[in-house]
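First comes the structure, then the notes that go with it.
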Amino acid sequence: MEEHNSFTAEVDYYTKQVKKIFDTIGIDHDYTISGIRTNVSAWLNEKEPVFELLRKHPMWNEKAKAIVFLRDEIRSADMGKFRYDLEKLESYIDKKISEHGINHSSIVTSALLAISENVTKEISEEEAEKINKIGYYKEIRSGMKRSRVINNIFKEYPVGDDYKFDATGLVDPHENGDRNYDSYNKRFAVVADDTNPLKIKRITVLSANICDFLLMSNGNSWSSCHFINSNGAYQGCYKAGTLSYANDGTSMIFYTLPESYTGDEWFMEEKITRQLFFYENGLLLQSRLYPKGGDASGESYGDYRAVVQDIIAKCIEKPNLWKKVDDDWDNYIVTHDNTFHYRDYDEYPDECVFTYNKEMKSETTYGLHIGGDSYCVDCGDMMDSDYDNAEELQCCNCLNNRSYCHRCGCEIDDDAYEIDGEVYCDDCTFYCEYHNEREVAYDDYGDSLIVEDYIGGDWYTMCIDAFDEKVTRCDKCDELEFTDDMVYVEETDSYLCKTCYDEYMEEKENEVA
């Protein structure tokens, strides 16, 4: 997507995006366009180091301010489902062998117990050793497929010391052509499939977009403390923290969406998972994973970290070689003094992973700086972490019912005008002489809505809507007139003011004479 042609145009575009979020998702208390613009301007300026970094990646999307792609997430097989289906297979075998006069064998139970301690595709050395200790089956080796070992256990079903029954051919009687029957092969196929790792396609996003920071806790079935209104499970207790993350030079949001999403406003879609990453001076901090959390050694952490490390390595044009910062890694972090974000890296250090690129070790001493200033979305003033509340997107002054102009955000002492349910100051309004009422003087992007001109020989001040709808320029003298006072001349296909029309009619009469 092409870039905006000016900083102002870019501010206008993302201001509209944030306004859409506030109107659609909802926030507590008021906001103004100027309050949004202040934050958008700060974000575009402060996040420039991240933009500059990520722009080097081939999948960068300039308007989305994000890297967006579709990928397979590899997840371990489901242990619970594997054990459940294995028990169903064993129950089926027990039922069928009884029809052959064979009793259930404790050897099978021991072997299956050993094989069901894990669900990886290949068995471990420990599992092979446990089965081999039974001393009944052919030697089992580590690295063999789990499904193959299970098949061998039932192929050599113990009946006696010198007799093994092949249970893999067991099947319920059925008529020719009837597929509604049970069999070992059907049930075994389910168990074998359970041992395969899961591949789940996900839209994957690494974003530096202010919209994604505002909606960082907007999950598909979850929310967290950075939710922007009190409807979230955590009551939005760190709303202002969304802007603190947005307005720094290191924070990025990594999140996943369902493959089925076909739009291009990825920030508006409810997130499946979300995780913050921070990069500066060769240092990469992976924060807590939402909604799962848990041990940072888990496979989701490793999977996501590998993706982001690969992206950053490409962008910094260094080998994708990273090493963990093991001891006292919090010493590398510098948190901005005036910030409102919740610090997972302080509160849950065991759920965060700090790494550095081996080629940039010498630069790591410069540290990683996290957090920026948040600005009140109502008046636009910088919020003070010693005075204002992290639970709100507005400063305390605005929350204490002081009156601020909806457009410019200034405090109004006198001459406040209510228009369409919003309060405006004198400078942001004017008196429209056509509608005979006070109206807003500027649109959302600062362009004037006022027209001042001579119309029909008198000076008028009116809104641009009235001017466009009710005023016409004479096709002969080029003077402005109210449309109702104009005369249409079909013969010349023109609109004439009364003076020009009289002259036109006089000329026609002279021509006849």
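Computed from a predicted model, the values in this text were never measured in an experiment.
Surrounding CZ of Phe7 are more than 12 heavy atoms belonging to other residues, nucleotides or ligands, all under 6.0 Å away. Other residues, nucleotides and ligands contribute more than 12 heavy atoms inside 6.0 Å of the CZ atom of Phe22. Surrounding CD of Glu99 are more than 12 heavy atoms belonging to other residues, nucleotides or ligands, all under 6.0 Å away. Within a 6.0 Å sphere centred on OH of Tyr84, heavy atoms belonging to other residues, nucleotides or ligands number 12 at most. For Glu126, the CD atom counts as loosely surrounded, since its 6.0 Å shell holds 12 or fewer non-hydrogen atoms of other residues, nucleotides or ligands. Enclosure of atom CZ in Arg71 by more than 12 non-hydrogen atoms of other residues, nucleotides or ligands within 6.0 angstrom is indicated.
No donor-acceptor distance shorter than 3.5 angstrom exists from the side chain of Asn196 to the backbone of Lys121, with no hydrogens or angles considered. Proximity of a side-chain donor or acceptor of Gln275 to a complementary backbone N or O of Gln286 within less than 3.5 Å is not detected.
Nearest heavy atom pair, residue Thr109 against residue His104, reads OG1-NE2, 2.7 Å. Smallest separation of non-hydrogen atoms from Phe51 and Leu44: CE1-O, 3.8 Å. Residues Asp384 and Asp386 approach most closely at OD1-N, 2.9 Å, considering heavy atoms. Taking every heavy atom of both residues into account, Thr364 and Leu283 meet most closely at O-CD1, 3.5 Å. Counting all heavy atoms, side chain and backbone alike, Ala390 lies closest to Phe340 at CA-CD2, 3.5 Å. The minimum heavy-atom distance linking Cys376 with Met383 is given by the pair N-CG, 3.6 Å.
For the atom pair Leu70 CG and Ile203 CD1, the distance stands at 6.5 Å (nearest 0.5 Å). The distance from the CG atom of Asn132 to the NZ atom of Lys138 is 13.5 Å, given to the nearest 0.5 Å. Remark: Phe277 CZ to Leu284 CG distance equals 6.0 Å, nearest 0.5 Å. Rounded to the nearest 0.5 angstrom, Thr204 OG1 and Glu259 CD are separated by 10.5 Å. Distance check: Ile311 CD1 to Tyr279 OH gives 13.5 Å after rounding to the nearest 0.5 Å. With rounding to the nearest 0.5 angstrom, the NZ atom of Lys323 is 12.0 Å from the OG1 atom of Thr355.
Ion pairing between Arg55 and Glu48 holds under the 4.0 Å rule for side-chain N and carboxylate O. The residues Glu127 and Lys130 are annotated as not salt-bridged, no charged nitrogen and carboxylate oxygen being separated by less than 4.0 angstrom. Looking at Asp310 and Lys314, a side-chain N of the basic residue comes within less than 4.0 Å of a carboxylate O on the acidic one, giving a salt bridge. Between Asp23 and Lys19, at least one side-chain nitrogen of the basic residue sits less than 4.0 Å from a carboxylate oxygen of the acidic one, meeting the salt-bridge criterion. Under the 4.0 Å criterion applied to side-chain N and carboxylate O atoms, Asp182 and Lys96 are not assigned as salt-bridge partners.
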Next on the checklist: Assess the residue pair Tyr375 and Ser41 against the criterion (side-chain hydrogen bond (donor to acceptor under 3.5 Å, both in side chains)); give the C-alpha distance rounded to whole Å, side-chain angles, the decisive distance to 0.1 Å, and a yes or no.
Outcome noted: CA-CA 10 Å; Tyr375 297 85; Ser41 298; over 6 Å; no

Checklist entry - Passes ring-ring contact (aromatic ring centres under 6.0 Å, His included), Trp43 versus Tyr14? Steps please. => result CA-CA 10 Å; Trp43 160 69; Tyr14 293 105; 5.0 Å; yes

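In this structure, Lys20 fails the cation-pi test against Phe267, since its NZ or CZ atom is not both closer than 6.0 Å to the six-membered ring centre and inside 45 degrees of the ring normal. Figure legend: Arg274 and Tyr290 shown as a cation-pi pair, the cationic atom lying under 6.0 angstrom from the six-membered ring centre and within 45 degrees of its axis. Lys63 forms a cation-pi arrangement with Tyr13, by the criterion of a distance under 6.0 Å to the ring centre and an angle within 45° of the ring axis.
Ring geometry for Tyr245 versus His341: interplanar angle of 30 to 60°, hence tilted.
Only one option out of Glu156, Lys155, Lys164 pairs with Tyr137 in a side chain to side chain contact (heavy atoms under 4.5 Å, CB included); it is Glu156.
Annotation: side chain of Phe154 is in contact with side chain of Leu112 (closest heavy-atom distance under 4.5 Å).
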